[in-house]
Enquirer: 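The structure that follows is given in the form of structure tokens.
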Amino acid sequence: MLLFNFFLAMLPIIWLILALCGLKIAGHKACGTALLIALILSIGYWKLSPIQAATAALEGVLNALWPICIVIIAALFTYNMSLKTGAMDVIKKMLGNVSTDKRVLALIIGWGFGNFMEGMAGFGTAVAIPASMLAGIGMDPVSSVVGCLVVNSTPTAFGSVGVPTVTLAAVSGTELLPLSQDVVLIQCILTFLSPFILVCICGKGIRALKGMIPFTLIASLSFLLPCIAAACFIGPELPNIIGSICSMACMIAALKYMPMKQDDAYTLIIHDDTDTQEQASGKENLNALQAWSSFILIFIFLILTSNLCPPIHNLIAPIQSSLTVYTGENPNTLTFSWINMPGVIIFIAAVIGGLIQKASLKIIFSVLLETLKKYWKTVLTICSVMATAKIMSYSGMISDIASLLVAAAGQYYPLIAPLIGALGAFVTGSGTSTNVLFGGLQAETALTLGMDPTWMAAANVMGAGIGKMICPQGIAIGAGAIGAAGAESKILSAVFRYFIVYVIAAGLLCYSGIMLFEGGII
């Protein structure tokens, strides 16, 4: 009976794997079908009433729209506005003129700016934008994409202003700040090593580290230490943003005060055609402050509304509504913050930034409409995945999956916990969706085994970031960014070896962490 229940409960997930990887069905259609399968099974086999199943799905949709989708749309709106006004061209030019050493540029653009974009927007921008910038200034295009895919694995947890971890806390029933602390702790070793690996990838071998270890160490620690502090004391919204700003500032300062010996083997001849492109497109030239204004305002507004600024935070935090949607037993309470919510703050900053960049209200509105039109399928996909997860949770399907995994893996389950998260990211292409699918499963399995559910939930989001390395959607985004459609298989084969190393290391880190807690028993 346990095996049969496991198989039935896995059907929505099995369908997603087959639909997305084998049948190549569009994400919103595949996830919509998975929702239908979950509805039928929950009513027909797990005996949820139609009202209970419907309200469980509705809770998932509402939770997806606010705060998840609003953050994603706001972040993408910010990026699209920077493209429209020409701000992104100015940013590219500034970053590309810092150095002619491709290893240094890989760290500043792929590591520093890439982590910043992940913290601000996520959703593929942290691969697409840095990879296109690196390829545009003369780096090997495939190496640029592979390097960005690898280093983007650990910042995923705090991407899109912390949405994956915030969502994980909601679906796993864990406290947000302790979860944020465990997430940054469980992947700190991989985070520390990532910039060193990036140098080797973009320099085509370990020899590229020659003469670069001090600078790479600065790049790594200047991101990791502020990231740890922000995750432990503020929460999951700002670690990437604060860490990346500190890292880029420290790297640029190091170039000024710690001159490096030039190695001709890694010197790039950078072609600057930004001005020509801007004149051809009729865009006005922007100064640096204007170009960065949206991102600067987002950072300032997020700081001012966080608990680092109690007067403002305490004033706007109570402006919220609470609602119970599910009609069955043990329903969750949804809380909607109407002002003190990253999506709202990002949107306000983007509009003000657009005005500073001399965009009219008509242009701002048109960019917003274009963003909504372009990503409505993404919104539908996330809503479907969230609704599916809520139905599977309330019906007991996730509990039945956890029961078999516990029986099969026992006390060694932590070794495979990150792999489960990686599988979810490979299928969905999203750290947030992966947490929705498996976050509750990981926490329930941990409780059944007498382990720390917060640590196991953290393992899930760590695995999700690693899985995004080989996610077909992410690889396609990277290939498109460098203008190499059709090179997906080449990119996948190049990045797969790093995926294997990372997922094995993640399992060992997860298991080692559990063993530190009195032999795995909390």
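Sequential numbering from 1 along the given sequence is applied to the chain's residues.
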Enquirer: Would you list the pairs meeting side chain to side chain donor-acceptor pair (under 3.5 Å) in which at least one residue belongs to residues 219-235, sequence neighbours left out?
Expert: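 For residues 219-235: Ser222-Ser247.
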
Enquirer: Go through the structure and list residues passing side chain to side chain contact (heavy atoms under 4.5 Å, CB included) with Thr191, not counting sequence neighbours.
Expert: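 Here the qualifying residues are Trp111, Thr154, Gln187, Phe223, Leu224.
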
Enquirer: For Ile189, does the CD1 atom have more than 12 heavy-atom neighbours from other residues, nucleotides or ligands under 6.0 Å away?
Expert: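 It does not: Ile189 CD1 has 12 such atoms or fewer within range.
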
Enquirer: Measure from the side-chain N and O atoms of Asn80 to the backbone N and O of Val367, and report whether any donor-acceptor pair falls under 3.5 Å.
Expert: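 Flag not set: sc Asn80 to bb Val367 has no pair under 3.5 Å.
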
Enquirer: So does Ile14 have more than 12 non-hydrogen atoms from other groups sitting under 6.0 Å from CD1?
Expert: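 More than 12 within 6.0 Å, yes.
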
Enquirer: Has Asn152 got a side-chain atom pairing as donor or acceptor with Cys148's backbone, closer than 3.5 angstrom?
Expert: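 No: the side chain of Asn152 does not pair with the backbone of Cys148.
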
Enquirer: Can any side-chain N or O of Thr381 pair as donor or acceptor with the backbone N or O of His28 at less than 3.5 Å?
Expert: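 Checked: pair present.
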
Enquirer: Using modelled atom types and a 3.5 Å cut-off, is there a donor and acceptor pairing between side-chain atoms of Ser512 and backbone atoms of Leu509?
Expert: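 A pair under 3.5 Å: no.
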
Enquirer: Could I get the full list of side chain to side chain contact (heavy atoms under 4.5 Å, CB included) partners for Ile352, not counting sequence neighbours?
Expert: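 Testing Ile352 for side chain to side chain contact (heavy atoms under 4.5 Å, CB included), a comparison that skips the adjacent residues, returns Leu297, Phe301, Ile348, Ile356.
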
Enquirer: Kindly determine whether Leu149 and Ile491 satisfy side-chain contact (heavy atoms from CB on, under 4.5 Å), including the steps that lead there.
Expert: CA-CA 10 Å; Leu149 285 169; Ile491 294 171; 3.8 Å; yes

Enquirer: With sequence neighbours excluded, tell me which residues meet ring pair (Phe, Tyr, Trp, His ring centres under 6.0 Å) with Phe192.
Expert: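 Counting only residues at least two positions away or on another chain, Phe192 forms a ring pair (Phe, Tyr, Trp, His ring centres under 6.0 Å) with Phe196.
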
Enquirer: How about Phe499 and Tyr502: are their ring centres within less than 6.0 Å of each other?
Expert: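 They do not qualify: ring centres at least 6.0 Å apart.
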
Enquirer: Say whether, by atom type as modelled, one donor and one acceptor occur between the side chain of Ser99 and the main chain of Leu105 under 3.5 angstrom.
Expert: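 No; judged by distance alone, with no hydrogens or angles, the pair does not exist.
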
Enquirer: Step by step, work out the side-chain contact (heavy atoms from CB on, under 4.5 Å) result for Tyr79 and Ser82.
Expert: CA-CA 5 Å; Tyr79 171 62; Ser82 71; 3.9 Å; yes

Enquirer: Take Met386 and Leu65, measure what side-chain contact (heavy atoms from CB on, under 4.5 Å) needs, and give me the verdict at the end.
Expert: CA-CA 10 Å; Met386 195 75 172; Leu65 291 173; over 6 Å; no

Enquirer: Once ring pair (Phe, Tyr, Trp, His ring centres under 6.0 Å) is applied, do any residues pair with Tyr498, and if so which ones, sequence neighbours excluded?
Expert: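 Per chain and number, Tyr498 pairs via ring pair (Phe, Tyr, Trp, His ring centres under 6.0 Å) with no residue.
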
Enquirer: Indicate whether the side chain of Gln442 and that of Ser172 have a donor and an acceptor atom separated by less than 3.5 Å.
Expert: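 Distance-only check fails for Gln442 and Ser172.
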
Enquirer: Can you list everything that forms a salt bridge (Lys or Arg N to Asp or Glu O under 4.0 Å) with Lys29? Sequence neighbours excluded, please.
Expert: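 Salt bridge (Lys or Arg N to Asp or Glu O under 4.0 Å) check on Lys29 returns nothing, list empty.
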
Enquirer: Heavy atoms, side chains only, cut-off 4.5 Å: are Met462 and Leu190 in contact?
Expert: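 Side-chain contact under 4.5 Å: yes.
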
